[in-house]
Amino acid sequence: MTAAKKHKGRVFSGARPTGRQHLGNYLGAIKNYVALQDLYEEAIYCIVDIHALTTVETTQNLKQNTYEMALDWLAAGLSPEKSMIFVQSHIPEVVELSTFFSMVTPLGKLTDLPTFKEKIRQQPHNINFGLVGYPVLMAADIALYKAVAVPVGIDQAPHIEFTREVVRSFNYRYQTKVLVEPQMKATQIPKVMGIDGENKMSKSLDNHIELAATPEETQQRVMQMVTDPQRARRSDPGNPDVCNVFTMHKIFSSDGDVQMIDTECRQAGIGCVDCKKLFANNLNTHLEPFRTRRAEFNQNPDQVWEVLVDGGQRARTIAKQTIAEVKEAIGLP
Ligand code: SF4
C-alpha cells in the first residue's frame with residue numbers, strides 16, 4: 001500500500017501555554033494538528049510563550065503550563081517524528097523578524113484592529129507595546145518557517161490576512177520574494193460550549209472539562225452541564241437540539257446512543273441525569289487511551305522537555321536560514 005501524497009510545504013500553528021488542555025482546545029485545535037501532521041511535508045507546532053507575556057500578570061506558572069500543554073499535545077497524538085514541537089522563546093530569530101516586520105507595518109493598522117481594541121477593554125491597566133505589536137509577532141511566527149498553510153477557524157481569518165499583508169509589504173519594500181504568503185487552512189472547527197451552555201469553553205470562565213481530569217472529576221463536571229432550559233421536570237419532554245449535552249453526545253457517543261437520546265429526550269423517555277451519566281461514561285471511555293499515554297509521558301518529564309528542545313533545534317535551523325535571507329534582502333551589512 002502506498003502512502004497518500006502529502007501537501008507540499010509546511011503547516012504551522014501556535015498556541016499560548018495555557019496549561020492543561022480542555023475539550024474545547026482538543027476539538028478546536030489539537031485534533032486538527034494531529035491530522036495535519038500526516039497531510040503536509042512538515043508540520044510545525046509552537047507553544048507561543050512570548051505572546052503570553054503580553055497579557056499574563058505573573059510568569060510563575062509559565063514553565064509548568066508549557067510542560068502540561070506539551071504533555072497533552074503528545075498524549076493526544078502529536079508525534080515528534082512527524083512534527084516539530086517547540087517553544088517560541090527558544091527561537092530568538094522570531095523576535096528579529098518581528099522587528100523587521102514592525103518597520104513595514106503602519107502603527108494605525110495595529111491600533112485599528114478589533115482584537116487590539118478588545119484587549120484594551122480587557123486590560124486597560126496594561127496596554128503594553130507588545131500588545132500593540134502582537135499581530136506582528138504572530139506574522140513573524142508564521143513567515144519565519146515559510147509556512148504555506150495555517151489552520152484556523154473562520155474567526156481567525158483576519159489574522160492570517162494581516163500576516164499575508166505584512167509579508168507582501170516586506171517583499172515589496174525590499175523587492176524580494178524571500179518570504180511566503182501563507183494560505184489560511186480554513187477548518188470546520190466546532191464551537192465548543194462550556195458546561196454553562198452559554199459561553200465558549202474556556203479555562204478563564206471555569207466552564208471547561210480538562211482532558212487530563214480523572215474519570216470522577218469528569219463525571220462531576222458533566223453532571224453540572226446546563227441542559228434544555230425549558231425542561232424543568234423529568235416528565236417534561238426535552239429538545240436535544242438546544243442542549244449542549246446532546247451536542248457533546250454527537251461528538252463522543254455512538255450513533256446508537258445519539259439516536260436513542262434524540263428520540264427518548266423528546267418524549268421524556270430519558271431524564272437529564274441519566275443522559276449526562278451516559279455522556280460522562282462515553283467521554284471517559286474515549287479519553288482513557290489519552291490518559292494512559294499522558295501518565296506514561298508524565299513519568300519522565302525530561303523526555304517531554306527533550307522533545308521540545310529537539311523540535312526547537314530543528315525549527316531553528318529553518319529560522320536561521322530565513323533570517324539570513326531576510327537580512328540579505330534588506331541589505332543589512
Ligand atoms: Fe439534554 Fe439529554 Fe436532558 Fe435531553 S435528556 S435535555 S439531550 S441532557
Side-chain angles (χ1 to χ4, degrees), residues 15 18-35 68 72 75-77 151-156 186-295:
T18 49
R20 286 176 163 219
Q21 301 292 281
H22 54 65
L23 289 182
N25 301 133
Y26 175 68
L27 296 169
I30 304 171
K31 196 171 169 216
N32 200 26
Y33 291 178
V34 175
E68 296 279 355
D72 281 347
V152 286
I154 287 297
D155 58 330
Q156 294 285 310
T187 42
Q188 285 297 339
I189 294 176
K191 189 173 180 189
V192 184
M193 304 303 282
I195 60 172
D196 56 11
E198 267 180 36
N199 300 293
K200 207 173 152 185
M201 190 174 282
S202 142
K203 216 169 191 174
S204 56
L205 295 173
D206 193 25
N207 66 359
H208 60 300
I209 299 175
E210 283 180 353
L211 299 173
T214 63
E216 296 73 29
E217 287 165 346
T218 303
Q219 167 134 2
Q220 222 174 37
R221 295 295 264 183
V222 169
M223 297 316 283
Q224 293 168 21
M225 285 178 80
V226 171
T227 63
D228 172 6
Q230 300 299 322
R231 195 176 184 197
R233 289 178 298 267
R234 165 69 178 81
S235 54
D236 293 339
N239 179 6
D241 298 332
V242 299
C243 176
N244 192 28
V245 179
F246 187 61
T247 306
M248 289 297 203
H249 266 299
K250 286 195 275 189
I251 299 170
F252 292 103
S253 298
S254 67
D255 289 349
D257 281 351
V258 171
Q259 275 166 24
M260 180 276 288
I261 295 159
D262 200 6
T263 306
E264 295 300 320
C265 171
R266 293 179 201 276
Q267 56 195 29
I270 185 171
C272 292
V273 171
D274 286 335
C275 186
K276 288 182 194 176
K277 278 185 187 162
L278 180 60
F279 170 56
N281 277 341
N282 292 345
L283 181 58
N284 278 329
T285 304
H286 192 90
L287 290 177
E288 204 177 297
F290 165 87
R291 289 173 182 148
T292 305
R293 279 195 301 272
R294 194 182 202 276

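Atoms within a ligand are numbered from 1 in the order they appear, just like the ligands themselves. This structure is a prediction, so every number in the text was calculated from the model and none was measured.
- Comparing heavy-atom distances from atom 5 (S) of ligand 1 across Lys276, Met225, Arg231 singles out Arg231 as nearest.
- Put simply, the side chain of Lys31 never gets that close to the backbone of Tyr26: no donor and acceptor are under 3.5 Å apart.
- Atoms of ligand 1 lying under 4.0 Å from at least one heavy atom of Ile261, given by number and element, are 7 (S).
- Arg294 has a carboxylate O that lies under 4.0 Å from a charged side-chain N of Asp72, or vice versa, which qualifies the two as a salt bridge.
- Residue side and main chain included, Cys265 places an N/O/S atom under 2.8 Å of atom 4 (Fe) of ligand 1.
- Contact check on Asp206 versus Arg221 returns a salt bridge, with a Lys/Arg side-chain nitrogen under 4.0 Å from an Asp/Glu carboxylate oxygen.
- In the vicinity of Asp228, heavy-atom distances shorter than 4.0 Å reach the ligand 1 atoms 6 (S).
- Distances from atom 2 (Fe) of ligand 1 to the heavy atoms of Cys272, Cys275, Gly271, Pro240 show the closest one on Cys275.
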Candidate pair Asn207 and Asn199, rule side chain to side chain donor-acceptor pair (under 3.5 Å), full reasoning:
CA-CA 8 Å; Asn207 66 359; Asn199 300 293; over 6 Å; no
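- Arg266 has a carboxylate O that lies under 4.0 Å from a charged side-chain N of Asp241, or vice versa, which qualifies the two as a salt bridge.
- Short contacts between ligand 1 and Cys243, defined as distances under 4.0 Å to a heavy atom of the residue, involve ligand atoms 1 (Fe), 6 (S), 7 (S), 8 (S).
- Here Asn239 has no heavy atoms under 4.0 Å from ligand 1, in either its backbone or its side chain.
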How far apart are the C-alpha atoms of Asn281 and Asn284, what are their side-chain angles, what is the distance that settles it, and do they pass the side chain to side chain donor-acceptor pair (under 3.5 Å) test?
CA-CA 5 Å; Asn281 277 341; Asn284 278 329; 5.2 Å; no
